[in-house]
Amino acid sequence: MGDKSGGKVAAAMNRLQVVKGLEDVEVSECESCSFEVTLNLAYIEGIWMKDGMQVKSKPNCRISTHGKKHALVLSRVALGDAGLFSFKADGIQTSGRLSVRARDIRILKELEDVDTMERQPVTFTCEVNQVDVDARWYHDDCRIRPGDNIKIRHQGTSHTLSFKSVRPEHAGQIRFTAERVSSHATLTVTELPVQITRPLRVKIAMYHHRGLLECQVSRPNAQVRWFKSRKELLPSKKYQLISQDVYRQLTIEDVCSSDEDTYTCDAGDDETSCQLLVEEQAICIVRGMKSMEVMEPEPALFQVETNLKSGRPPRWTLNGEVLETCSTVNIDREGTLHSLCFTSTDSSMSGPVMFVAGKSRSTAQLMVKERLLQVVRHMDDVEAKENSSVTLSCQFFPSPRVVRWFRGRTALKTSNKYSMRREGKRAELTIHGLTGMDAGQYRCTAGGSQSAAQVKVEVKTLRMVKHLKPVDIEEDDIASFSCELNYVVANVEWLLNNVRLFSNAISRIQHMGTMHSLILKRLRPQESRITVRAGLLTETTTLKVKERPAVFLKSLEDATGEEQGEVCLHCEVSKDSVTPVWKKDGMVLTSDDKHELLQFGKSMALIIHSLTKADAGQYTCDLGTSQSKAKVVVHDLHISIVQRMKTTTILEGESCTFESHLSHDLEGEPFWTINGQKVATNSRTQLINNGRVYKMTIKDASLTDAGEVVFTIRDLSCRTMLFVKERPVHIFRDLLNVKAVPGEDAELNCEITKPGVFIRWLKNGRLLKQSPKYDMSVEKNMARLVIKNASIRDSGEYCCEAEGVASRANLDIRELQHTFARELRDTRAEEKGKVTLECETRRPAKRVTWLKGMVELRSGRKYVIRQKGVVLSLTITCLEISDTDIYMCDVGTMQSRAQLTVQGEVIGLPELY
């Protein structure tokens with residue numbers, strides 16, 4: 001019985017049982033979830049099923065087994081993933097239901113309409129309230145795919161559609177859809193103006209053949225119009241208008257001479273033009289022209305015979321200028337005979353005559369002899385008055401080409417003086433502003449003929465109708481002179497003592513008709529000559545200016561002064577040119593150290609320095625024509641303190657200065673006291689005497705310096721108070737934020753302005769005390785706090801307080817950021833073998849965790865975990881198919897992943913009933 005009961009117990013212990021079964025799970029859409037089962041036996045293979053269908057591993061569904069634990073992990077759960085999940089293994093089964101809540105997706109930022117020009121970049125942006133949303137973009141009803149010109153980006157909740165360069169076909173409705181919501185916007189694209197990308201070029205077409213003109217536009221749908229000169233061309237048998245893609249062509253059938261013209265292709269916004277040239281059959285000249293010599297105005301005839309009858313009219317030129325039929329030129333053609341006839345010639349037509357037909361030409365010389373000129377009407381002698389104008393004229397036959405005028409033997413030129421005019425056969429000379437110098441003989445010459453005439457000028461005699469009168473005035477009055485001439489003369493000069501005068505602030509010169517005047521101001525005593533000059537006429541008169549006597553505008557006033565002081569006697573006179581004489585009690589004074597004589601224009605002053613009793617008396621200012629008197633009284637000297645000391649309040653350690661001013665210099669030894677103690681000059685106290693100014697300076701004042709300050713000299717004294725306040729404590733150098741890593745000592749320093757004060761340290765408002773953890777010390781003005789063996793719990797705000805002032809800083813304890821210098825790599829291995837996964841960090845890691853899927857691994861027979869400095873490795877032995885999974889190395893701040901694939905014979909699972 002004992003053996004049988006023991007066997008039953010052993011069988012019950014080996015029976016597979018579920019220790020922890022599946023549970024219902026409810027998650028939101030796009031989140032991750034996991035189902036876990038714990039069995040009583042390790043490494044039992046099972047089957048995962050959903051709604052009766054077997055579930056296999058795929059990118060968003062990972063199945064893993066570790067010992068007794070079996071897990072199914074779903075990433076980015078969708079609504080279709082909801083259902084009943086089951087785990088079966090060797091006769092046992094456990095189930096759990098997955099419920100998926102749909103996300104409430106909303107549009108936070110709608111699309112906005114865009115109106116832009118063709119070839120411009122355009123961006124549409126839409127923002128939703130969820131991340132990782134499956135979004136799509138549509139143009140009208142067609143889905144938009146990314147390409148070289150279109151970029152689709154997604155960052156967080158923001159979705160962007162960008163066109164690098166929009167085209168007219170991109171215009172329409174742009175739609176953004178994100179699962180169950182959408183947003184619309186309209187894209188309007190304005191086409192760019194049509195441009196001619198390749199213009200027309202000059203074309204040469206053969207006579208009676210086809211001509212082709214071609215250009216290229218910037219847009220295939222551009223509409224163009226063709227013009228010949230300014231006439232629009234329409235499709236016909238003669239003209240064919242072709243539009244193919246961006247090419248525009250004009251075909252001209254059966255080209256003839258009349259088709260040679262300028263053609264234009266007008267695209268509305270741009271146009272291009274070119275010339276069509278028609279090349280005919282080669283024309284040869286059978287008989288050319290002959291040179292001719294005729295006498296003007298005889299006719300001249302030129303003839304040329306060609307081998308063919310040209311379809312295009314030939315070109316005739318004279319001296320390089322193209323000829324056309326007119327009253328004097330007749331161009332004719334009869335078959336192959338071409339004629340040019342000048343019906344009336346003149347000497348200016350002499351030169352080469354050229355006939356051009358195609359590439360052939362004929363040249364001859366035309367010589368037209370000038371007919372001998374004759375004077376038909378000679379000039380007449382003339383007589384005119386001075387300042388008037390006169391015109392001389394004569395007539396030639398035929399019309400002269402060049403006319404020259406002479407006065408005696410001097411050739412004349414057009415100027416303000418001479419005006420020359422020629423109308424046909426008539427020549428004229430006009431002389432302006434006649435003077436006596438213009439009288440004489442004038443000649444007009446043309447060719448070999450000439451005509452002469454005499455010009456007489458009647459010169460007026462200038463007389464003085466109203467003469468100048470002498471003027472006698474007083475100083476500073478105005479003097480006026482006037483005269484009248486017998487006729488108007490513009491250039492009249494006024495002179496003062498033979499010096500010419502001009503209009504300015506002092507002298508004003510005027511004239512009105514025959515009257516001339518001169519006004520002089522600001523005159524000084526003088527006797528002068530005033531002269532007026534008009535041409536050769538001169539007249540002089542006298543100007544006498546009498547001096548006015550000087551008078552006092554402001555008299556001297558009595559003055560009073562103190563001994564050692566000074567007084568000033570001041571007066572003002574009517575003239576600034578006088579020199580006064582200063583007297584004291586009848587004795588003349590001169591300028592010296594005692595008496596200072598001053599004169600500024602009309603102001604005069606006498607300053608008496610360093611007054612004594614002897615300076616009292618009567619003072620006189622004598623101008624020669626007038627006198628002014630005043631008395632000076634000198635009082636005894638009165639000395640006083642004019643600036644007293646001020647009450648002063650300072651902080652200890654500062655400096656201060658006390659200052660006292662006397663009204664005059666005073667002999668005697670001053671002395672200073674503070675709280676009744678006499679003060680002498682030393683390293684902290686300095687006494688200064690500068691004339692009437694007395695100073696006391698105290699440096700680095702202490703609290704004991706406070707009290708009454710007294711300044712005394714002879715029988716004068718003044719007093720004030722000095723207050724010295726204790727200097728408050730200030731933070732001289734604040735705490736600084738500190739960062740450290742766990743295990744290190746962190747140090748905070750604070751410098752205050754006053755040593756010996758009570759210091760308190762606080763962390764997050766709680767008082768700290770001296771302990772093995774916290775080391776507090778004060779050296780002079782520096783307070784120091786050292787946190788031993790800092791950890792993350794020591795992070796926070798620290799405060800240093802000292803008598804009402806405080807300084808704060810943050811201590812941040814963080815582990816060093818580990819990064820991988822070499823990542824794990826995906827590896828393939830054979831079943832029953834072993835494999836090593838290895839990675840490398842940039843600095844040694846303190847904590848390393850290896851995971852298979854979501855299961856943490858421990859070092860043992862199956863797994864060997866090693867760390868040598870920065871090299872981390874995981875060795876897996878006795879490999880099985882179930883070891884295929886994603887392995888991860890976690891160093892706290894970073895992770896490295898790799899896929900391990902174990903290859904071997906696949907062993908099927910037994911059926912479960």
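Predicted, not measured: the structure shown is a model, and the values here were computed from it. Here, residue 1 is the first one in the sequence, and each next residue gets the next number.
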Original post:
Is a side-chain donor or acceptor of Thr827 paired with a backbone partner of Thr836 at a separation under 3.5 angstrom?
Top reply: no

**OP:** Specify the closest pair of heavy atoms between Ala740 and Glu744, including all atoms of both residues, with the distance to one decimal.
**Re:** CB-OE1, 4.2 Å

Subject >> Short side-chain to backbone donor-acceptor contact, Gln867 and Ala845, under 3.5 Å >> reply: yes

Original post:
How many angstroms lie between CD1 in Ile698 and SG in Cys656, if you round to the nearest 0.5 Å?
Top reply: 4.5 Å

Original post:
Is Asp794 paired with Lys773 through a side-chain N to carboxylate O contact shorter than 4.0 Å?
Top reply: yes

Subject >> Between Glu110 and Ser183, a side-chain donor and acceptor under 3.5 Å >> reply: yes

Subject >> Val864 backbone acceptor or donor facing Ser859 side chain under 3.5 Å >> reply: no

Original post:
Under 4.0 Å between a Lys/Arg side-chain N and an Asp/Glu carboxylate O for Lys109 and Glu127?
Top reply: no

**OP:** Could you give me the CA-CA distance, side-chain angles and deciding distance for Lys164 and Lys151, then say whether side chain to side chain contact (heavy atoms under 4.5 Å, CB included) is met?
**Re:** CA-CA 8 Å; Lys164 186 178 180 181; Lys151 302 295 182 183; over 6 Å; no

**OP:** Determine the minimum heavy-atom distance between Lys763 and Arg793, stating which atoms define it.
**Re:** NZ-O, 2.8 Å

Original post:
With distance as the sole criterion, is a donor-acceptor pair present between the side chains of Arg828 and Thr901 under 3.5 Å?
Top reply: no

Subject >> Where Cys568 and Ile607 come nearest, the two heavy atoms and their spacing >> reply: SG-CG1, 3.9 Å

Original post:
Atom CG of Asn689 and atom CD1 of Ile713: how far apart are they, to the nearest 0.5 Å?
Top reply: 7.0 Å

Original post:
Hey, are the side chains of Phe711 and Tyr694 touching, using non-hydrogen atoms and a 4.5 Å cut-off?
Top reply: yes

Original post:
Under 3.5 Å, is there a donor-acceptor pair linking the side chains of His635 and Glu562?
Top reply: no

Subject >> Sidechain N-carboxylate O distance under 4.0 Å for Asp734, Arg808 >> reply: no

**OP:** Determine yes or no for a side-chain-to-main-chain donor-acceptor pair under 3.5 angstrom, with Asp885 supplying the side chain and Lys852 the backbone.
**Re:** no

Original post:
Which pairs with one or both residues in residues 639-649 pass salt bridge (charged side-chain N to carboxylate O under 4.0 Å, His left out), sequence neighbours excluded?
Top reply: none

Subject >> Residue pair Thr712 / Ser717: nearest heavy atoms and the distance that separates them >> reply: OG1-CB, 3.7 Å

Original post:
Would you call Leu662 and Ile641 a side-chain contact if the rule is heavy atoms closer than 4.5 Å?
Top reply: yes

Original post:
What closest approach, in Å, do Met721 and Glu708 show between heavy atoms, and which atom pair accounts for it?
Top reply: SD-CA, 3.6 Å

Subject >> Short side-chain to backbone donor-acceptor contact, Thr884 and Val902, under 3.5 Å >> reply: yes

Subject >> Crowding at NZ, Lys695 (>12 non-hydrogen neighbours, <6.0 Å) >> reply: no

Original post:
Do the charged groups of Lys725 and Glu652 touch, with an N to O distance under 4.0 Å?
Top reply: no

Original post:
Do the side chain of Asp826 and the main chain of Ala898 share a donor and acceptor less than 3.5 angstrom apart?
Top reply: no

Original post:
Can Glu747 and Asn749 be said to form a side-chain hydrogen bond (donor to acceptor under 3.5 Å, both in side chains), step by step?
Top reply: CA-CA 7 Å; Glu747 183 176 322; Asn749 294 305; 3.1 Å; yes

Subject >> Nearest-0.5 Å distance, CE of residue Met776 to SG of residue Cys800 >> reply: 10.0 Å

Original post:
Side chain of Asn675, backbone of Gln677: donor and acceptor closer than 3.5 Å?
Top reply: no

Subject >> Test item: Asp745 and Ile787 side chains (from C-beta on) under 4.5 Å apart, heavy atoms >> reply: no

**OP:** Give the C-alpha distance, both sets of side-chain angles, the deciding distance and a yes or no for salt bridge (Lys or Arg N to Asp or Glu O under 4.0 Å) between Asp890 and Arg847.
**Re:** CA-CA 8 Å; Asp890 188 343; Arg847 182 173 59 85; 5.4 Å; no

**OP:** Flag the pair Val738 / Leu748 as yes when at least one side-chain heavy-atom distance between them is below 4.5 Å, and no otherwise.
**Re:** yes

**OP:** May I ask you to decide whether Arg76 forms a salt bridge with Glu31, counting only side-chain N to carboxylate O separations under 4.0 Å?
**Re:** no

Subject >> Distance (rounded to the nearest 0.5 Å) between Ser655 OG and Gln686 CD >> reply: 10.5 Å

Original post:
Any chance the side chains of Thr657 and Thr697 put a donor and an acceptor closer than 3.5 Å?
Top reply: yes

Original post:
Is any side-chain N of the basic residue among Arg825 and Glu823 closer than 4.0 Å to the acidic one's carboxylate O?
Top reply: no

**OP:** Using the side chain to side chain contact (heavy atoms under 4.5 Å, CB included) rule, take Leu687 and Phe671 through it: C-alpha gap first, then chi angles, then the decisive distance, then the call.
**Re:** CA-CA 9 Å; Leu687 305 180; Phe671 62 93; over 6 Å; no

Subject >> Test item: Thr720 and Phe658 side chains (from C-beta on) under 4.5 Å apart, heavy atoms >> reply: yes

Subject >> Ile608 side chain near Lys594 side chain, heavy-atom distance below 4.5 Å >> reply: yes

Subject >> Interatomic distance, Leu851 atom CG to Leu874 atom CG [nearest 0.5 angstrom] >> reply: 10.5 Å

Original post:
How many angstroms lie between NZ in Lys862 and SG in Cys878, if you round to the nearest 0.5 Å?
Top reply: 6.0 Å

**OP:** Answer yes or no: are there more than 12 heavy-atom neighbours, outside Asp593 itself, under 6.0 Å from its atom CG?
**Re:** no

**OP:** Taking atom NZ of Lys613 as the centre, report whether more than 12 heavy atoms of other residues, nucleotides or ligands fall under 6.0 Å from it.
**Re:** yes

Original post:
Just wondering, are more than 12 heavy atoms of other shown residues or ligands nearer than 6.0 Å to CE in Met894?
Top reply: yes

Original post:
If we only count heavy atoms from C-beta on, is the Val634 to Glu563 side-chain gap below 4.5 Å?
Top reply: yes

Original post:
When you look at Arg153 and His159, which way does the side chain to side chain contact (heavy atoms under 4.5 Å, CB included) test go after all the steps?
Top reply: CA-CA 6 Å; Arg153 294 183 176 86; His159 297 260; over 6 Å; no

**OP:** For residues Ile63 and Ser57, determine if any side-chain heavy atom of one lies less than 4.5 Å from a side-chain heavy atom of the other.
**Re:** yes

Original post:
Closest heavy-atom contact between Phe820 and Gln895?
Top reply: CE1-C, 3.6 Å

Subject >> Full working for side-chain hydrogen bond (donor to acceptor under 3.5 Å, both in side chains) between Arg101 and Ser28 >> reply: CA-CA 5 Å; Arg101 296 187 301 271; Ser28 294; 2.9 Å; yes

Original post:
Between His70 (side chain) and Leu72 (backbone), is there a donor-acceptor pair under 3.5 Å?
Top reply: no

Original post:
Hey, is the main chain of Gln155 close enough, under 3.5 Å, to the side chain of Thr157 for a donor-acceptor pair?
Top reply: no

Original post:
For Arg733, does the CZ atom sit with more than 12 other heavy atoms under 6.0 Å from it, leaving out its own atoms?
Top reply: no

**OP:** Begin from the C-alpha positions of Arg760 and Phe758 and carry the test side chain to side chain contact (heavy atoms under 4.5 Å, CB included) through to its verdict.
**Re:** CA-CA 7 Å; Arg760 292 200 316 162; Phe758 179 69; 3.2 Å; yes

**OP:** Check for a donor-acceptor pair, side chain of Ser591 on one end and backbone N or O of Glu596 on the other, with a separation under 3.5 Å.
**Re:** no

Original post:
Any Lys/Arg nitrogen of Glu36 or Lys69 sitting under 4.0 Å from an Asp/Glu carboxylate oxygen of the other?
Top reply: no

